[in-house]
Peer 1: 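Dropping the structure in here first, questions after.
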Amino acid sequence: MNLQDAKVLVVGGSSGMGLATARRCLEAGAAVTIAGRSAERLEAARMTLQAPSALQVVEVDIGDEAQVVSLFARTGSLDHIVSTAADIRGAYQLLPELELADAQRVVQSKFFGPLLLAKHGAPKLAATGSLTFTSGVAAYRPAPRGSVVAAINAALEGLVRALAVELAPLRVNAVSPGWVDTPIWASVAGDAKDATLQAMAERLPVGRIGAPADIADAIAFLIGNPFTTGTVLHVEGGHRLV
C-alpha cells in the first residue's frame, strides 16, 4: 500500500481497528485525519500515534448530517475514506429487553453514518479514491441477542454494492471482521470478556481471536487494490465455517 502524500480520513480511528488502520496509513506515508465522538479518546490516539505533522483529529458524530458536512469542510480533498465506527451500546439484548433507542444508535452509526460519509465525502475524493466500511460476521452467523447488529451489518453490505455502482469510478468496499479483541468487547461482555473471547478462539479454525492489525491489513488491501470494488472481504478466522 503506497500512500505517500495521500490524504486519508479514518472515522472511528481513535481506538481498535480504526486506530490500527490509522497507524498503517501513517506508516505508508499518508496524511491522516482520525474522527470520532470522544475528544478524550481522540487525544489519547494522537499521543499514541505520535505523528504531529501528518495527523489531525476531528470530533464528530457521523449520524448527524450537519456534523458530517462540517467534517468534510475541515478535511478538504481526500484520497480515501475509512469508517470502523460502531455504537452498539445496549444493542445485544433478547427482543423482550431490547430498547428501540439502543437499536437506533446502531443504525445511526453503522448505516446512516456510512451513507452520510458517502453522500458528502464522495465529492471530496479523487477519481481514483475509495470508501471502505466495516460490517461484521454477525450478518452470517447471527446469535441470540444479536438480531440488530446482524441486520445492520447485512444492510451495510447491500449499501456497499449499490454505492460501488452509483459512485463509480470511486471504489466502495467493506471488510467483514470476525471476533476481534478491541475495547468494544468491554461493553458487550463486561467482566466475561476474556472467557468469552477464549471460548471463541477455541472454536475457530485459526485457533485465536483477531487483532486490530488483522483488520487494518484487510483495509490496506482494499485501499490499495485498484481493481476491487463492491466487495466484502471476510477476515474472521474461519468463523463462517463453524
Side-chain angles (χ1 to χ4, degrees), residues 10-22 34-42 44-45 59-64 67-68 82-117 132-160 174-197 199-201 209-212 214-216 218-219 232 234-237 239-240:
V10 182
V11 180
S14 62
S15 65
M17 297 179 290
L19 182 62
T21 299
I34 58 174
R37 292 183 298 114
S38 169
E40 182 180 355
R41 289 199 298 271
L42 287 168
E59 188 176 352
V60 65
D61 179 354
I62 60 169
D64 183 316
Q67 291 190 41
V68 174
V82 176
S83 180
T84 64
D87 187 350
I88 61 172
R89 291 172 296 159
Y92 278 97
Q93 299 289 341
L94 295 174
L95 284 177
E97 287 79 42
L98 180 65
E99 296 289 339
L100 182 58
D102 293 329
Q104 289 171 330
R105 270 201 305 271
V106 184
V107 177
Q108 286 294 107
S109 64
K110 290 210 71 173
F111 185 82
F112 288 127
L115 183 67
L116 291 173
L117 290 174
T132 306
F133 302 121
T134 47
S135 57
V137 73
Y140 301 85
R141 286 291 181 269
R145 303 179 185 273
S147 58
V148 171
V149 175
I152 297 309
N153 284 339
L156 177 60
E157 293 182 4
L159 178 65
V160 162
V175 172
S176 177
W179 287 31
V180 179
D181 190 356
T182 66
I184 203 168
W185 275 100
S187 64
V188 174
D191 294 340
K193 171 189 171 182
D194 290 343
T196 301
L197 294 182
M200 177 55 73
I209 292 298
D214 296 320
I215 310 308
I219 292 172
V232 178
H234 297 276
V235 189
E236 30 77 316
H239 192 161
R240 289 178 299 151

Peer 1: Can Leu98 and Val148 be said to form a side-chain contact (heavy atoms from CB on, under 4.5 Å), step by step?
Peer 2: CA-CA 9 Å; Leu98 180 65; Val148 171; 3.6 Å; yes

Peer 1: What do you reckon, is CZ of Phe111 surrounded by more than 12 foreign heavy atoms closer than 6.0 Å?
Peer 2: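 Enclosed.
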
Peer 1: Run the salt bridge (Lys or Arg N to Asp or Glu O under 4.0 Å) test against Arg141 and tell me which residues pass, sequence neighbours left out.
Peer 2: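 Applying salt bridge (Lys or Arg N to Asp or Glu O under 4.0 Å) to Arg141 gives none.
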
Peer 1: Rounded to the nearest 0.5 Å, how far does OG1 of Thr182 lie from CG of Leu197?
Peer 2: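 One finds 8.5 Å between CG of Leu197 and OG1 of Thr182.
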
Peer 1: Which heavy atom of Gly136 sits nearest to which heavy atom of Ser176, and what is that distance?
Peer 2: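 What the structure gives for the nearest pair is C-OG, 3.2 Å.
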
Peer 1: Of all residues at least two apart in sequence or in a different chain, which pass the side-chain hydrogen bond (donor to acceptor under 3.5 Å, both in side chains) check with Thr134?
Peer 2: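 Per chain and number, Thr134 pairs via side-chain hydrogen bond (donor to acceptor under 3.5 Å, both in side chains) with no residue.
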
Peer 1: Sequence neighbours excluded, which residues qualify as salt bridge (Lys or Arg N to Asp or Glu O under 4.0 Å) partners of Glu236?
Peer 2: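 So Glu236 forms a salt bridge (Lys or Arg N to Asp or Glu O under 4.0 Å) with Arg240.
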
Peer 1: Quick one: closest heavy-atom pair of Leu42 and Ala35, and the distance?
Peer 2: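 Heavy atoms of Leu42 and Ala35 come nearest at CD2-C, 4.0 Å.
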
Peer 1: Considering residues at least two apart in sequence or located in another chain, which fulfil the side-chain hydrogen bond (donor to acceptor under 3.5 Å, both in side chains) criterion with Asp87?
Peer 2: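 So Asp87 forms a side-chain hydrogen bond (donor to acceptor under 3.5 Å, both in side chains) with Arg37, Arg89.
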
Peer 1: Any donor-acceptor pair under 3.5 Å linking the side chain of Gln108 with the backbone of Gly63?
Peer 2: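 The answer is yes, because a donor-acceptor pair under 3.5 Å joins these two groups.
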
Peer 1: Quick one: ring pair (Phe, Tyr, Trp, His ring centres under 6.0 Å) partners of Tyr140, sequence neighbours excluded?
Peer 2: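 Expected list: His234.
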
Peer 1: State, to 0.1 Å, how close Pro114 and Ser109 come at their nearest heavy-atom pair, and which atoms those are.
Peer 2: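 Nearest pair, atom of Pro114 first, then Ser109: CD-O, 3.4 Å.
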
Peer 1: Would you please test Ser83 and Ile62 for side-chain contact (heavy atoms from CB on, under 4.5 Å) and show each step?
Peer 2: CA-CA 10 Å; Ser83 180; Ile62 60 169; 4.1 Å; yes

Peer 1: Any donor-acceptor pair under 3.5 Å linking the side chain of Asn153 with the backbone of Ala150?
Peer 2: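 Such a contact is absent between Asn153 side chain and Ala150 backbone.
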
Peer 1: Might you point out which heavy atoms bring Ala22 and Ile34 nearest each other, and give the distance in Å?
Peer 2: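 Heavy-atom minimum between the residues: CB-CG2, 3.6 Å.
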
Peer 1: Are Val11 and Val82 close enough that some pair of their side-chain heavy atoms sits under 4.5 Å apart?
Peer 2: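 No; the side chains remain at least 4.5 Å from each other.
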
Peer 1: Can you list everything that forms a side-chain contact (heavy atoms from CB on, under 4.5 Å) with Glu97? Sequence neighbours excluded, please.
Peer 2: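 If we apply the side-chain contact (heavy atoms from CB on, under 4.5 Å) test to Glu97, skipping adjacent residues, the hits are Gln93, Leu94.
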
Peer 1: Using 0.5 Å steps for rounding, measure from the OG1 atom of Thr84 to the CD1 atom of Ile219.
Peer 2: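 Rounded to the nearest 0.5 Å, the OG1-CD1 separation comes to 6.5 Å.
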
Peer 1: How far apart are the closest heavy atoms of Ser147 and Leu95, and which atoms are they?
Peer 2: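 Distance-wise, the nearest heavy atoms are OG-CD2, 4.0 Å.
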
Peer 1: Looking at every non-hydrogen atom in both residues, tell me the closest pair between Pro212 and Gly16 and how far apart they are.
Peer 2: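 Closest heavy-atom pair between Pro212 and Gly16: CB-O, 3.6 Å.
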
Peer 1: To the nearest 0.5 Å, tell me how far Lys193 NZ sits from Asp181 CG.
Peer 2: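 Spacing of NZ (Lys193) from CG (Asp181) equals 4.5 Å.
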
Peer 1: Apply side-chain contact (heavy atoms from CB on, under 4.5 Å) to the pair Ile215 and Thr21, showing each step before the final yes or no.
Peer 2: CA-CA 8 Å; Ile215 310 308; Thr21 299; 5.7 Å; no

Peer 1: Between atom NZ of Lys110 and atom CG of Leu159, what is the distance when rounded to the nearest 0.5 Å?
Peer 2: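 These two atoms lie 12.5 Å from each other.
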
Peer 1: Which distance, rounded to the nearest 0.5 Å, do you find between the CG of Asp64 and the CZ of Phe112?
Peer 2: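 If we round to the nearest 0.5 Å, Asp64:CG and Phe112:CZ are 13.5 Å apart.
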
Peer 1: Calculate, to the nearest 0.5 Å, the distance between atoms CD and OG belonging to Glu59 and Ser38 respectively.
Peer 2: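 One gets 7.0 Å once the value is rounded to the nearest 0.5 Å.
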
